[in-house]
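In this text the structure is predicted, and so the values were computed from the model without any measurement. Numbers here simply count residues along the sequence, with the first being 1.
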Amino acid sequence: MRVFAISPRNHDPQRAWTDIDTTIRLADRYGFTGILAHTGNDTLMDPWLVGQHALDASEHLAPLVAVNPVYHHPFAVAQLVSSLTYRYGRRLYLNLVTGTATPDRVALGDETPHDRRYARLREYGLAVLGLLGTAAPYTADGEFYRLRGARVRLPGPPELRPEPFVAGASPAAQECAEALGAVRIGMIGPDRPEPAKRLGGYAGLLVRDSDAEAWRVARTRYPDDPDLESAGTAALRYTDAVWRHAAFADAGRDPAGPPWHWTGPMRSLRMDCPLLVGGVATIGEVLAAHLRAGRTDLIVDLAADEEDFAWAARALAHADRLARATGAAGAGPTRETDLEGS
């Protein structure tokens, strides 16, 4: 089981870096695999800076850096990966994404349609991985990128070459992930997971000792706000992300849903994903079901708070024990440190 915490999307300049630093140090303390660093027009801190800080501030964490073709040429990404791998002797992961809000893409002069962006991302990922796969000059003759003997001087040893993740739920995203041999990241939904390979789960976690206590904290932290929910619904007009539209559709189809799956904070734009709310036993069983189905990569959104990390680590460790008890292949943290922390 590989578990990545998410660097906070805090738009307050007074707190943004403090929350990122706190999340990195807590993720390291509680035995997480790494940190997902976001990218986007509205991101206050560049993801490569966040990734390097994770490498500096910990001895174990691996950055999962979000990469969008609109921001970097594939050679620039390969050089960044090469430099950090050489400097720290650790593997990086690349979260290959196509999306940002439509106005943000238009601001950068990119009006490429949804499926074409995944075609571009496939070619982009192949170029990055190709450059890092050999010390010899690399050539590619694609529709979007053409390289003529480009060469990364320090591609790194094979065991430290970056592993790609692809975010998305559409058929185009699935095709892209398969072509790159990537882990495809999908939202953890309200339904029981079907068996799948190379599929990771993404959700927020709010765990406490009991379901009642977890929901008390959740309702206090994210009180009902009709104005924010209306703004969230309106924001759907500015995205073609299939997963976001599907999540809103699921909420409308079954507003109650299972007692542990809450889309309220996402629909009110206070989170970027559904929130799993419950006690250690409840959330542990939910996550164990995903491990049993083959989803051994989890990206979890947690508040930059010691209590939230400590309870989430207990739920993750409980999920691991449940999955092991039923013989789920691949269960178990990648580090010797137990996810319940010290």
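Of the possible donor and acceptor atoms, one in the side chain of Thr33 sits under 3.5 Å from a partner among the backbone N and O of Val3. Listed for the His261 side chain is a donor-acceptor partner under 3.5 Å among the backbone atoms of Ile188. Between the Thr282 side chain and the Gly278 main chain, no donor and acceptor come within less than 3.5 Å of each other. Within the 3.5 Å criterion, the main-chain N or O of Leu61 finds a donor-acceptor partner in the side chain of Arg90. In this structure, Ser82 contributes its side chain and Leu154 its backbone to a donor-acceptor pair below 3.5 Å.
Residues Ile35 and Trp48 fall into different hydrophobic clusters, defined by Ile, Leu, Val, Met, Phe, Trp and Tyr side chains chained together at heavy-atom separations under 4.5 Å. Tracing side-chain contacts under 4.5 Å through hydrophobic residues (I, L, V, M, F, W, Y), one never reaches Leu199 starting from Leu298; they form parts of separate clusters. In the hydrophobic clustering of this structure, Val67 groups with Val152; members are Ile, Leu, Val, Met, Phe, Trp, Tyr whose side-chain heavy atoms approach within less than 4.5 Å, directly or through other members.
Here CG of Leu180 is found 6.5 Å from CG of Leu121. Values are rounded to the nearest 0.5 Å. Taken to the nearest 0.5 Å, the NE2 atom of His72 stands 6.5 Å off from the OG1 atom of Thr39. A distance of 5.0 Å separates CG of Asn95 from CG of Leu64, quoted to the nearest 0.5 Å. One finds the CD1 atom of Ile283 at 13.0 Å from the CH2 atom of Trp311 (value rounded to the nearest 0.5 Å). Rounding to the nearest 0.5 Å gives a distance of 11.5 Å between OH of Tyr93 and CD1 of Ile299. Distance CD/Glu143 to CZ/Arg122: 9.0 Å, rounded to 0.5 Å.
The two residues Arg117 and Thr112 make their nearest non-hydrogen contact at NH1-O, 3.0 Å. Taking each heavy atom of Leu287 and Ala319 in turn, the nearest pair found is CB-CB, 3.7 Å. Heavy atoms only, all atoms of each residue included: Tyr30 and Ala313 are closest at CD2-CB, 3.9 Å. Minimum heavy-atom separation, Ala218 to Val277: CB-CG1, 4.0 Å. Of all heavy-atom pairs spanning Thr22 and Ala304, the tightest one is CG2-O, 3.9 Å. The shortest non-hydrogen separation linking Val207 to Gly279 is CG1-C, 3.9 Å.
At a cut-off of 3.5 Å, with distance as the only test, no side-chain donor of Arg148 or Thr139 sits close to an acceptor on the other residue. Side-chain contact check for His60 and Asp28: no donor-acceptor pair (N or O, by modelled atom type) lies under 3.5 Å.
For the side chain to side chain contact (heavy atoms under 4.5 Å, CB included) with Pro162, the qualifying choice from Val77, Leu84, Val81, Val65 is Val81, the only one to do so. Each of Phe165, Tyr202, Phe32 was scored for a ring-ring contact (aromatic ring centres under 6.0 Å, His included) with Phe4, with one residue passing: Phe165.
The cationic atom of Arg267 (NZ for Lys, CZ for Arg) does not lie both less than 6.0 Å from the six-membered ring centre of Trp262 and within 45° of the ring axis.
In this structure, Arg198 pairs ionically with Glu163, as a charged nitrogen and a carboxylate oxygen lie closer than 4.0 Å. Ion pair Arg116/Asp110 not flagged as a salt bridge, since none of the NZ, NE, NH1 or NH2 atoms sits closer than 4.0 Å to an Asp/Glu carboxylate oxygen. A salt bridge between Asp211 and Arg216 is absent, with no side-chain N of the basic residue lying under 4.0 Å from a carboxylate O of the acidic one.
Within 6.0 Å of CZ on Arg192 lie no more than 12 heavy atoms contributed by other residues, nucleotides or ligands. Within a 6.0 Å sphere centred on CZ of Arg15, heavy atoms belonging to other residues, nucleotides or ligands number 12 at most.
Screening residues 295-306 for salt bridge (charged side-chain N to carboxylate O under 4.0 Å, His left out), with sequence neighbours left out, gives Arg2-Asp297, Arg29-Glu306.
Judged as a side chain to side chain contact (heavy atoms under 4.5 Å, CB included), and not counting sequence neighbours, the contacts of Asp104 are Asn41, Thr100, Ala101. Scanning for ring pair (Phe, Tyr, Trp, His ring centres under 6.0 Å) contacts around Tyr145 gives His73, Tyr124, with sequence neighbours left out.
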List the steps and the verdict of side chain to side chain contact (heavy atoms under 4.5 Å, CB included) for Val183 and Ile185.
-> CA-CA 6 Å; Val183 175; Ile185 300 299; 4.0 Å; yes

